[in-house]
Amino acid sequence: MLDIKLLEEDIGKLEQGLKKRCIDLLILEHLKTQSQLRKKQIQLTDNLKAELNKASREIAQLKIKSKTDPSIMDFARTRVTETRALGVKIHDLELELQATENKLREVLLELPNLPNASVPEGGDSSFNVEIKKWGELPKFSFTPKDHVDIGERLEILDFERAGKLSGSRFSLYLGAGAALERALIQFMLDLHTREHGYQEIIPPFMVNRETMTGTGNLPKFEADLFKTQVADRELFLIPTAEVPLTNIYRESIIEPGRLPIYFTAYSPCFRSEAGSYGKDVRGLIRLHQFQKVELVKIVEPEKSYGELEKMTQNAEKVLQLLGLPYRIVLLCSGDMGFAAAKTYDIEVWLPSQNAYREISSCSNCEDFQARRADIRYRHIAQAKPRFVHTLNGSGLAVGRAFVAVLENFQNENGEIAIPKILNRYLDGSPGFIKEGDQLWLK
RNA sequence: GGAGAGGUGGCUGAGUGGUCUAAAGCGCCGGUCUUGAAAACCGGUGAGGUCGUAAGGCCUCCGUGAGUUCAAAUCUCACCCUCUCCGCCA
């Protein structure tokens, strides 16, 4: 959520940022009108409330005095009658004020975050800027197969049966496939907790409306989510562990010395993928349910951009250790997510597509989510609370890492050389063949 | 699913219609004392909104929402959450 105070304090920043986001600036006029109306209504009702409080105290005094002096009773009754009308008036004004505040909040909740100054301006992904490339692209003396062909031949993936169970855009991992997916998860979690200093969390995979609103998934993107309704209880399946992790400190003030906070979590992620019909329908690339290891940071504002660089490096490290070639792209303003102020995408090389595909997205949301979720901190004891900055990144999307391993490390026979870093998780697992210190899927 | 108890400031906990402007203790901050620290003593100590250059004033917040009343932490209703016991269950 944007800071309404920017309207008065730095309208230029607001205009510039929203323009970069391709938002019609007319909305600002509406906000200004509502904001001024709100202040007037507050002043009016607060003054009347002060009057009411004063009258009530007066009546209390009169009642005490009337015990010794009955002649005051009539006067007290008159005062009560007079004050009654005041209460009714205040009630009406409060309803009006509430309506104004609701309208204001509705608009604010639908406005995206302002892009950081370093973010390139542009309406779509063609304006993204490649800033780094890592690794050698594999050279094949044959036409590389895609992960679906490889996986189904090895009998570690079965999309037909997944479709029978749940419909399109679901996956079924079998045997060594399931073990490989699990090994990737554990490898990523171990790396982030042991080497990078993240605390591992197992969060709820279903959350309530407030939690979804805190990270910015609601109210605007309800159509992207799976929702359950049991009795009168409404719950949403998380589209990423970012949602529960970031909301852990919702509506709280973090005491001095606790920041920075680093969380990592494995979770399944559920996305409706409405509006992506026909896109990536084949295989593991775009599913209603996929696995992901997520990174979340809660930090002091001054440090958030340094933390974004570090977090991106933490995600890169996973690909480096797996030996998978990738590049990093700085997203332009039009391609960034709703809550982000700056985003790096990490894209892994997929031979079957002859292209880099997103496998991680690392964002600094600055105080956008903190303001929505009311997450504050104290720099020192007694200091006035300030909003924290929140960051999130994939570390990594497990299914896509699985795809990248299958496709980059295949040979002509459709056999897969497993990255050695996974040996400790897979050595001895059924379906893996060992040659020297090299594990194979054959 | 059934029965019962309860939700008050950072924490413990008092408060059953009007000096509640929320007691007390703990914690925290500052000070006195001390070579230093502890103890003791003294003082201070929540969040948000709004007006104001400021000092400061006013308003709101006792799980959430609605209601009764001139006046609600306190009374009424609904909901949420926590705990205990029973049932079911991994």
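Residue numbers start from 1 in every chain, and the chains themselves are labelled A, B, ... in the order their sequence lines are given, proteins ahead of strands.
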Practice prompt. Carefully, step by step, assess A:F338 and A:F368 under the rule ring pair (Phe, Tyr, Trp, His ring centres under 6.0 Å).
Written response: CA-CA 10 Å; A:F338 183 72; A:F368 185 84; 5.6 Å; yes
Worksheet item: What is the distance from CD of A:E101 to P of B:C61, rounded to the nearest Å?
Response: 14 Å
Discussion item. Minimum heavy-atom separation for A:K19 and A:E121, please, with both atom names.
Written reply: O-OE2, 4.5 Å
Discussion item. Using the P atom as the point on both nucleotides, what is the distance between B:G4 and B:U8, in whole Å?
Written reply: 22 Å
Worksheet item: Does the side chain of A:T264 come under 3.5 Å of the side chain of A:H192 through a donor N or O and an acceptor N or O?
Response: no
Worksheet entry | Nucleotide nearest A:H91 (side chain, heavy atoms from C-beta), chosen from B:G18, B:G67, B:C58 | B:G67
Worksheet entry | Nearest-nucleotide pick for A:K49, side chain only, options being B:C70, B:A47, B:C59 | B:C59
Fill in: Value in whole Å for how far the P atom of B:U60 lies from CG of A:L48
12 Å
Worksheet entry | Gap in Å between the two P atoms, one belonging to B:G17 and one to B:U76, rounded | 12 Å
Discussion item. Mind checking if A:N53 touches a base, just sugar-phosphate, or nothing, with heavy atoms under 4.0 Å?
Written reply: sugar-phosphate
Item to complete: Whole angstrom is fine here: how far is it from CD1 in A:I90 over to P in B:A72?
Response: 11 Å
Item to complete: Could you please name the partner base of B:A54, counting Watson-Crick and G-U wobble pairs only when both distances are under 3.5 Å?
Response: none
Item to complete: Could you tell me whether A:K54 contacts a base, only the sugar-phosphate backbone, or nothing, with contacts defined as non-hydrogen atoms closer than 4.0 Å?
Response: nothing
Response to the item:
Any strand, both distances under 3.5 Å, Watson-Crick or G-U wobble: B:C41 pairs with B:G31
Worksheet, complete the sentence: Heavy-atom nearest nucleotide on RNA chain B taken for A:P385 and for A:R79; more 5' hit belongs to A:P385
Worksheet item: Roughly how many Å is it from CD in A:E255 to P in B:G46, rounded to a whole number?
Response: 13 Å
Worksheet, complete the sentence: Rounded to whole Å, CG of A:N47 lies from P of B:U60 at a distance of 12 Å
Practice prompt. Check every strand shown and say whether A:I42 touches a base, only sugar-phosphate, or nothing at a heavy-atom separation below 4.0 Å.
Written response: sugar-phosphate
Worksheet item: At under 4.0 Å between heavy atoms, what does A:R376 touch on the DNA or RNA strands: base, sugar-phosphate, or nothing?
Response: sugar-phosphate
Worksheet entry | Nucleotide opposite B:C61 in a Watson-Crick or G-U pair, distances under 3.5 Å | B:G46
Item to complete: For A:L52, report the nucleic acid contact type (base, sugar-phosphate, nothing); a contact means any heavy atom under 4.0 Å.
Response: sugar-phosphate
Worksheet item: Nearest to the side chain of A:D46 - B:G18, B:U50, B:C59?
Response: B:C59
Item to complete: Output, in order, the C-alpha distance, side-chain angles, deciding distance and verdict of salt bridge (charged side-chain N to carboxylate O under 4.0 Å, His left out) for A:E300 and A:K303.
Response: CA-CA 6 Å; A:E300 294 176 66; A:K303 296 183 179 157; 3.6 Å; yes
Fill in: Closest nucleotide among B:G18, B:A47, B:U50 to the A:I253 side chain
B:A47
Practice prompt. Could you check which of B:U50, B:C59, B:G18 has an atom nearest any side-chain atom of A:K39?
Written response: B:U50
Discussion item. Is any side-chain heavy atom of A:H147 closer than 4.5 Å to one of A:I285?
Written reply: yes
Discussion item. Give me the distance, rounded to whole Å, that separates B:U82 from B:U32 when you measure between the C1' atoms they each carry.
Written reply: 45 Å
Discussion item. Taking the C1' atom in each of B:G63 and B:A5, what is the distance between them to the nearest angstrom?
Written reply: 16 Å
Fill in: Opposite nucleotide pairing with B:G18, Watson-Crick or G-U, both atom distances under 3.5 Å
B:C70
Practice prompt. Can you tell me, in whole Å, how much space there is between the C1' of B:U19 and that of B:A71?
Written response: 14 Å
Worksheet item: Has A:R84 got a side-chain N or O lying under 4.0 Å from the OP1 or OP2 atom of B:C70?
Response: yes
Discussion item. My understanding is that a pair needs two contacts under 3.5 Å, Watson-Crick or G-U wobble. By that rule, which nucleotide pairs with B:U84?
Written reply: B:A3
Item to complete: Assign A:T83 to base, sugar-phosphate, or nothing according to its heavy-atom contacts below 4.0 angstrom with the strands shown.
Response: sugar-phosphate
Discussion item. Just to verify, which of A:N392, A:I248, A:L295 counts as forming a side chain to side chain contact (heavy atoms under 4.5 Å, CB included) with A:F263?
Written reply: A:I248
Worksheet item: Is A:Q43 near enough to B:C51 that one of its side-chain N or O atoms lies under 4.0 angstrom from OP1 or OP2?
Response: yes
Practice prompt. Give the rounded distance in Å between these two atoms: CD of A:E8 and P of B:G49.
Written response: 12 Å
Practice prompt. Apply side chain to side chain donor-acceptor pair (under 3.5 Å) to A:T240 and list each qualifying residue two or more places apart in sequence or on a separate chain.
Written response: A:K292
Worksheet, complete the sentence: When A:Q98 and A:T45 are each assigned the nearest nucleotide of RNA chain B, the 5'-most assignment goes to A:T45
Fill in: Identity of whatever pairs with B:A23 - Watson-Crick or G-U, under 3.5 angstrom
none
Fill in: B:G46 OP1/OP2 closer than 4.0 Å to side-chain N/O of A:R378
no
Worksheet item: The side chain of A:K384 lies closest to which of these nucleotides: B:C70, B:U50, B:G48?
Response: B:G48
Worksheet item: Between B:G13 and B:C26, how far is it from one C1' atom to the other, in whole Å?
Response: 11 Å
Item to complete: Counting Watson-Crick and G-U wobble pairs only, both distances under 3.5 Å, name the nucleotide matched with B:G9, or none.
Response: none
Worksheet item: If you measure from the P atom in B:U21 to the same atom in B:C80, how many Å do you get, rounded?
Response: 32 Å
Discussion item. Once you apply a heavy-atom cut-off of 4.0 Å, does A:R38 come out as touching a base, just sugar-phosphate, or nothing?
Written reply: sugar-phosphate
Discussion item. Under 4.0 Å, counting only non-hydrogen atoms across every strand here, what does A:A55 touch: a base, just sugar-phosphate, or nothing?
Written reply: nothing
Worksheet entry | Gap in Å between the two C1' atoms, one belonging to B:G25 and one to B:G9, rounded | 14 Å
Discussion item. Tell me which one of A:L426, A:V398, A:L422 satisfies side chain to side chain contact (heavy atoms under 4.5 Å, CB included) with A:F187.
Written reply: A:L422
